[in-house]
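Side chains included, hydrogens not; waters and symmetry mates left out as well; all remaining heavy atoms used. In what follows, chains carry the letters A, B, and so on, assigned in the order in which the sequence lines appear, proteins first and then strands, with residues in each chain numbered from 1.
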Number of protein chains: 2
Amino acid sequence: MGRSPTDTKSKLLLTAADLIWQSSYGNVSVDDICKAADIKKGSFYYYFSSKAELAVATMEESFVSYELEIMNVLSPNLPPIQRFEALADFVYEKQQQAYAKYGRVCGCPCASLGSEMAGNEQLIQKKADEILHRQSDMLKETLQEMIDSGLLPPNTNISNIACQISTSILGQVMMARIQNNLSNLKNDLKISLFQTLGLKTPISGISTMLQEQQNGQ
Amino acid sequence: MGRSPTDTKSKLLLTAADLIWQSSYGNVSVDDICKAADIKKGSFYYYFSSKAELAVATMEESFVSYELEIMNVLSPNLPPIQRFEALADFVYEKQQQAYAKYGRVCGCPCASLGSEMAGNEQLIQKKADEILHRQSDMLKETLQEMIDSGLLPPNTNISNIACQISTSILGQVMMARIQNNLSNLKNDLKISLFQTLGLKTPISGISTMLQEQQNGQ
DNA sequence: ATACAATTTGACTGACCAGTCAAATACTAT
DNA sequence: ATAGTATTTGACTGGTCAGTCAAATTGTAT
């Protein structure tokens, strides 16, 4: 029954995600989104009950597609250390693509939105928190393999290291957005990841690592 | 000539800094600030030509007072390694005080504002960038001492390490704000700082460090 | 063809926004 | 006292905001 389904909802989601990523939640109005998507405001509120609900939906949608890409980057075909190198490269390239497309460093959509709205919209704060946890969880499998193969000590706290790595990436990506400059991200992200893992800095590209003893306390 | 000077301007600055720190630039209106400071909007625009100009002024003001505290924490009375421990403790305590006062983790005012407005208000973006550089510069003196006393290799790139440390702190403080949770900040900040310095994790409080060789490439 | 359901439209509301301004006030120097 | 200046006030503007809604449209099933 009814009309045939359309792409209206996903068009709104994609448009909103783009606009908010470049700018911010507060600086993008529902009217802006509707105008950019060429959809009337009435339709917007047919699909979303509020602007905040839309924001939460964009966060989920953006993260799911990001998750797929990351799963590919962290593919078990590569040895674990090279996976982390690939991760750092991926994060940088993603920002560079956004820079080429939008003319500025955009940062992490979830973190920017989360920080902006943390004190005002609990729905958004909770969603940001959830996604950051999911992001961190994606690293656990690779870390477990590193323990199994002796690259990390057996008493390593996997959750904790995963969290530290996520936090480190978040810091560098945020800094890049604030400074509107990608050079530190390009140069330091890999170094920082390997330090968190307790490994020496890789000689660019060639993963000839020396393992450092890292004791949990 | 004229009336005697009043504290109107500084009252506006302090009130605005507080409100924006807890919430965000976009979610705090000029009316909100005036109401909280019990000052009429006409007076606001007597002292500030725009909301963005006020924001820039609060950033400068907040940073200058922060700078004084940091200079004290990094006081040359302590050995360099203990200074960094004290820095980590200070950052945590500062957030805890804000939590007690405002009921939530507030994060870094400069970074939150900078991220929020980076794509919209160039004045704010530039100010955030400037302050992050000044913050990073404050670490250089201590790092130089560490080189001089052999705690860091002589070919260490001081600017780069200072920048990495600032970025690391920023990441953890931002993460704490987004998650509204201080436990990771408390536990991981010190670890992360020492990893960036290429030093082993200190055994809590007692700075019996082992130095790691850290080669620049 | 017609009834019914899903979707779209555009005009609307009332609140709030940043910013303006002429007039009032309060102080100081003479 | 009075003239001049610094500061404060409150009422105002025009625009934008999130959100509403009744009516129109477009499809589908019978």
Side-chain angles (χ1 to χ4, degrees), chain A residues 1-20 22-59 113 116-125 127, chain B residues 1-20 22-59 113 116-125 127:
Chain A
M1 287 284 184
R3 296 199 200 186
S4 45
T6 63
D7 62 346
T8 304
K9 186 173 184 178
S10 78
K11 207 163 154 191
L12 283 170
L13 276 173
L14 292 171
T15 307
D18 264 24
L19 292 179
I20 293 172
Q22 293 171 72
S23 177
S24 68
Y25 182 84
N27 287 300
V28 173
S29 69
V30 174
D31 285 312
D32 291 336
I33 295 163
C34 290
K35 204 167 184 177
D38 195 26
I39 284 164
K40 300 298 169 296
K41 207 198 282 204
S43 294
F44 180 100
Y45 284 98
Y46 177 74
Y47 288 104
F48 302 100
S49 71
S50 70
K51 187 187 175 189
E53 193 195 284
L54 164 84
V56 169
T58 66
M59 291 166 91
L113 230 174
E116 178 183 356
M117 300 306 293
N120 277 86
E121 282 280 357
Q122 222 187 351
L123 284 180
I124 294 177
Q125 187 268 325
K127 189 67 186 180
Chain B
M1 288 279 181
R3 293 200 200 185
S4 45
T6 62
D7 61 346
T8 304
K9 186 173 183 177
S10 78
K11 207 163 154 192
L12 283 170
L13 276 173
L14 292 170
T15 307
D18 264 23
L19 292 179
I20 294 172
Q22 292 171 73
S23 177
S24 67
Y25 182 84
N27 287 300
V28 174
S29 69
V30 173
D31 285 311
D32 290 337
I33 296 162
C34 291
K35 204 168 185 178
D38 195 26
I39 284 164
K40 299 300 171 293
K41 206 196 283 204
S43 294
F44 180 100
Y45 284 98
Y46 178 74
Y47 289 104
F48 302 101
S49 71
S50 70
K51 188 187 175 189
E53 192 195 284
L54 163 85
V56 168
T58 66
M59 290 166 91
L113 231 176
E116 179 184 355
M117 301 307 291
N120 278 86
E121 282 279 356
Q122 223 187 349
L123 284 180
I124 295 177
Q125 186 268 323
K127 190 68 185 178

Report the distance from atom [atom1] of [X] to atom [atom2] of [N], rounded to the nearest whole Å.
X       : N      : atom1 : atom2 : answer
A:Lys51 : C:dA15 : NZ    : P     : 20 Å
B:Tyr47 : C:dA18 : OH    : P     : 20 Å
B:Asp38 : D:dT8  : CG    : C1'   : 12 Å
B:Asp7  : D:dT7  : CG    : P     : 12 Å
A:Lys35 : D:dA18 : NZ    : P     : 14 Å
A:Asp31 : D:dG15 : CG    : C1'   : 12 Å
A:Ile39 : C:dT8  : CD1   : P     : 7 Å
A:Phe44 : C:dT7  : CZ    : P     : 17 Å

Does the side chain of [X] get closer than 4.0 angstrom to OP1 or OP2 of [N] through an N or O atom?
X       : N      : result
B:Tyr45 : C:dC21 : no
B:Lys40 : D:dT8  : no
B:Thr8  : D:dT7  : no
B:Tyr46 : D:dT7  : yes

Would you say the side-chain atoms of B:Asp7 and B:Ser10 include a donor-acceptor pair closer than 3.5 Å?
no
Ignoring the backbone of [X], work out which of [options] is nearest its side chain.
X       : options                : result
A:Ser50 : D:dG19, C:dG19, D:dC17 : D:dG19
B:Ser29 : C:dT8, C:dC17, D:dA18  : C:dC17
A:Val30 : C:dT8, C:dA18, D:dA18  : D:dA18

Nearest non-hydrogen partners of [X] and [Y], listed with the distance:
X       : Y       : result
A:Tyr25 : A:Ile20 : N-CG2, 3.9 Å
A:Lys51 : A:Val28 : NZ-O, 2.9 Å
A:Ser50 : A:Phe44 : O-CE2, 4.3 Å
A:Ala16 : A:Thr58 : CB-CG2, 3.9 Å

First encountered from the 5' end of DNA chain D, between A:Ser43 and A:Gly26
A:Gly26
Distance criterion of 3.5 Å, no angle test: do you see the side chain of B:Lys41 paired donor-to-acceptor with the base of C:dG19?
yes
